[in-house]
Number of protein chains: 2
Amino acid sequence: MNVFRTLVLLPLLLVLPVEAVWPLPQFVVSSPQVYPVSPFSFRFQYSASSAVWEGCSVLDEAFKRYSRILFAGGAQNPGTRPEDVLHGAASFFTLAVSVTAPGCDDFPQLDSKENYKLSISDQGFLLTADTVWGALRGLETFSQLVWRAEDGRYLINKTEITDYPRFAHRGLLLDTSRHYLPIKTILETLDGMAYSKFNVFHWHIVDDPSFPYESVLFPQLSKKGSYHPETHVYTTSDVKTVMEHARLRGIRVISEFDTPGHTQSWGRGFPELLTPCYNGANPTGTYGPVNPTLNSTYHFMAEFFNEVSFVFPDFYIHLGGDEVDFSCWKSNPHVREFMKMMQFGNDYTRLESFYIKKLMDIISRYGKGYLVWQEVFDNHVEMRNDTVVHVWKGDKAYLQELAAVTKAGYRALLSSPWYLNIITYGQDWTVAYKVEPQEFDGSPEQKALVIGGEACMWGEYVDVTNLTPRLWPRAGAVAERLWSNATVRNLQDAYDRLSDFRCRLLRRGIRAQPVYVGFCDQEFEGL
Amino acid sequence: MNVFRTLVLLPLLLVLPVEAVWPLPQFVVSSPQVYPVSPFSFRFQYSASSAVWEGCSVLDEAFKRYSRILFAGGAQNPGTRPEDVLHGAASFFTLAVSVTAPGCDDFPQLDSKENYKLSISDQGFLLTADTVWGALRGLETFSQLVWRAEDGRYLINKTEITDYPRFAHRGLLLDTSRHYLPIKTILETLDGMAYSKFNVFHWHIVDDPSFPYESVLFPQLSKKGSYHPETHVYTTSDVKTVMEHARLRGIRVISEFDTPGHTQSWGRGFPELLTPCYNGANPTGTYGPVNPTLNSTYHFMAEFFNEVSFVFPDFYIHLGGDEVDFSCWKSNPHVREFMKMMQFGNDYTRLESFYIKKLMDIISRYGKGYLVWQEVFDNHVEMRNDTVVHVWKGDKAYLQELAAVTKAGYRALLSSPWYLNIITYGQDWTVAYKVEPQEFDGSPEQKALVIGGEACMWGEYVDVTNLTPRLWPRAGAVAERLWSNATVRNLQDAYDRLSDFRCRLLRRGIRAQPVYVGFCDQEFEGL
């Protein structure tokens, strides 16, 4: 099936747009020969050999989405007009999509395959993939291959692509505690992630300043802990909207409920969860980290994380565990007594470990895995083998940390050089781009334990007003580093493609900021 | 006239919102006593004693604008509902505006008075000002004094304000050459400027990368020199729209057509204007600065700046004159010959001066004054006494430059520490805020020659996607430094008011980024 009725070959020798794909595919062979792709005569189609078919939500929706996206920019002068089609004057071009494995209703997972092959040739347009997730990646690539000639026609070059990600975990963190982000902004970020082949949305949903997550079991948490209990919260329905929007784009959602530090906002609804700080013999009225000495704390956490396990179906939960300030624990006489009883001496990392270990046991009981910030590893907490350690500290020291984590047999995620909230003047995307996550002293087995990384957009100075331009296209630098081959490092080439990618984001309605001096044919118009 | 029919005094003792005015007025006395200001029973009115009256475009439009702005945020629960007014149950509150000097149709000028007095008391609400421009400043202050109580009512405290600007020239520069900015974005920037009492829009309209100004006499300049001759240009009508929008807000528009450097885009329409660069005896095909050796250059400039003089009615034109690269001039044998003929030796600053001097003579013939970047002064160009020297270089050296410029008797503008395009992580507004433009060794007469400064937003990394959040509220720091008393320097107080000002900008639809962690009751909704 899927053979063209007629083939229209256009003798155009303009730019080879294949090279503009972002992130760059693993293997690309392209030719100047082009085929027209008309908004009026092109469509996506399931291949007869495909294990999934119409009714597959992920691909049905993707076909709709990409039908819109392909011709974003408006076809003032399309090569094939509707009349041509009606009178049979034009041929019908189809991208046939064939997926090997059945399954359309699941969530993507860490080990989901994302490889695909795309063939644009005289034999037809064919996209094959092991899974629907791979098909999504291929559709994105296909959409980036279509370009618009000066006469207004949309064209695609003869191309063969074999592609797969270098790393399985390609994440982006948003922080919805320091500033609240509307659902609409989160959904737009997921769109941008799909365009650059990110596959994990790390939702740092609560932290010290606010608790916007509306818990079913403990509504007081957001009622008291959010900036505003009506306008600045995420309802169960909001979370579901995010989950489904992400799933349809092959993006996992990993929630982070960071404890025992970064929990001031929890205390507004449940002060008994936190450690009262003391000045000598008297409570100061302020609170420190979660109180690890009380059984009630673990009862609460068990119930709370049971809910979280259901609401966020991904196998992994991010447990945080970073930046625990011991001073309040040290000030509290009950905590000191507990330390004595447990024979921890004066080593408060042992108290932290005690807490984290108990929390991990809770999570394990729910059949879930966990990610933790690097301190949990640094403080020698006993962890399951499948724990993922999230490296965020240090300037260049992150390479040593990656070596240490993987030497201990744990899997590692890198974020240290990818804190996109930290802005500097100029083309700072190049700094993120030059990073090489496996450039540490270690065995091949160790390097294989680096499963990816995450771009982090912490929220101190970021909210709905500036998130999108600050994120795009800078996050694209991380996306390509995590997807493309390690050899893809040419900065000039990356600059050209990233500038092009940025204009594409504008055409798709995403307020991406400029890479440098210049313009896009179609500037941002969502004013 | 303007006496209240009844006075409703509310015994509320909440925050004193007067302190939230940005920039802080010179003299404020306020009291906890409040008056209600209802969206349904409040209006602006010309005082009988006023020299201007209905039909005064500047104030008619301002009354309309501020009637909208005052109650931005939606009055879900106004204290006085429409029915109350209809049935005579509520009193009618009026701000009576009285202006001493007639004149509503002119453009504001460097020496326009902006002082005003605002009295909110049992005797009524009264705003008096010497000119309509001062009345505009007072209206802005009035709008910032109105606040919303928890029960939804809009209130204003009993207040007496005497206010005037510290500096006469409070500018903001936009660069529409490195990236094109749509008119809509420029108008929005003018709105933000009016909210923070800036009074000069410095339009750096053309530069090396593009020439978006559509010249009537020389249409080739933008036809060839713009990024796109239809979508990326400013037509005469666009410029008029900007001029009038600015005028109605008491903002001067000063255009900059920078020469002899920064002129690559001029050369695309008129290559003969620029100096051909040489490699030995052969032209390289590239061009350098404007060619100062040809009579045709001056004929062109005379005609071009004649047009500019009409299109931009402000007395001042910014002539640029910065960063002239001498290497191309040095490479060109004709230029070298000219140098010899003129007995300039090897001092190319003398050639630059020769050019600038001739250009200044042209401008003077048109009855205009000029501003120049500091190099023109540094290179000892002979200038008129009323020249304004724009200081932009250096880290701390700008204080020495200000001293030198004013010692030579010239007026000075400061921009060096206010390059807002240069971003750093964190609350970098404090750096701009701490600047003290008169903190140099010099006589009182010298200090009086510092007529103000400008915040600059150069366009290398800025376009419509990120301009507004990058500008606001950071530019506010410069606005307060230039308007408020030199003693207004408390950072904590400024932080509180600036955060409040930022939320106000959001309510008015301006995408201002957060100052730090937190939230606004009404977040940005223009998604």
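Numbers restart at 1 for each chain; the letters A, B, ... are given by sequence-line order, proteins then strands.
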Sequence neighbours excluded, which residues qualify as ring-ring contact (aromatic ring centres under 6.0 Å, His included) partners of [X]?
X        : answer
A/His245 : none
B/Phe519 : A/Tyr227, A/His232
B/Tyr495 : none

For the interface with chain A, which of B/Asp521, B/Ile423, B/Ile422, B/Thr465 has the highest count of heavy-atom pairs at distances below 4.5 Å? B/Thr465
Separation of [Y] [atom2] from [X] [atom1] (nearest 0.5 Å):
X        : Y        : atom1 : atom2 : result
B/Arg511 : A/Arg511 : CZ    : CZ    : 3.5 Å
B/Asp428 : A/Tyr461 : CG    : OH    : 9.0 Å
A/Phe524 : B/Thr185 : CZ    : OG1   : 10.0 Å
B/Thr231 : A/Glu523 : OG1   : CD    : 7.5 Å

Counting heavy-atom pairs under 4.5 Å with chain B, which one of A/Ser210, A/Gly459, A/Ala512, A/Pro514 comes out on top? A/Pro514
Which residues from residues 172-180 of chain B are near chain A, with near meaning under 4.5 Å between non-hydrogen atoms?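 Checking residues 172-180 of chain B against chain A gives B/Arg178, B/His179.
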Heavy-atom proximity to chain B below 4.5 Å, by part of A/Leu506: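 Interface part for A/Leu506: side chain.
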Which region of A/Asn421, side chain (C-beta onward) or backbone (N, CA, C, O), has a non-hydrogen atom less than 4.5 Å from a non-hydrogen atom of chain B, or is it both or neither?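 Contact with chain B involves both backbone and side-chain atoms of A/Asn421.
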Check each atom of B/Gln427 against the heavy atoms of chain A and say whether the ones under 4.5 Å are side chain, backbone, both or neither. both
Using a strict 4.0 Å threshold on nitrogen-to-oxygen distance, state whether B/Arg502 and A/Asp463 make a salt bridge.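 Result for this pair is yes, salt bridge flagged.
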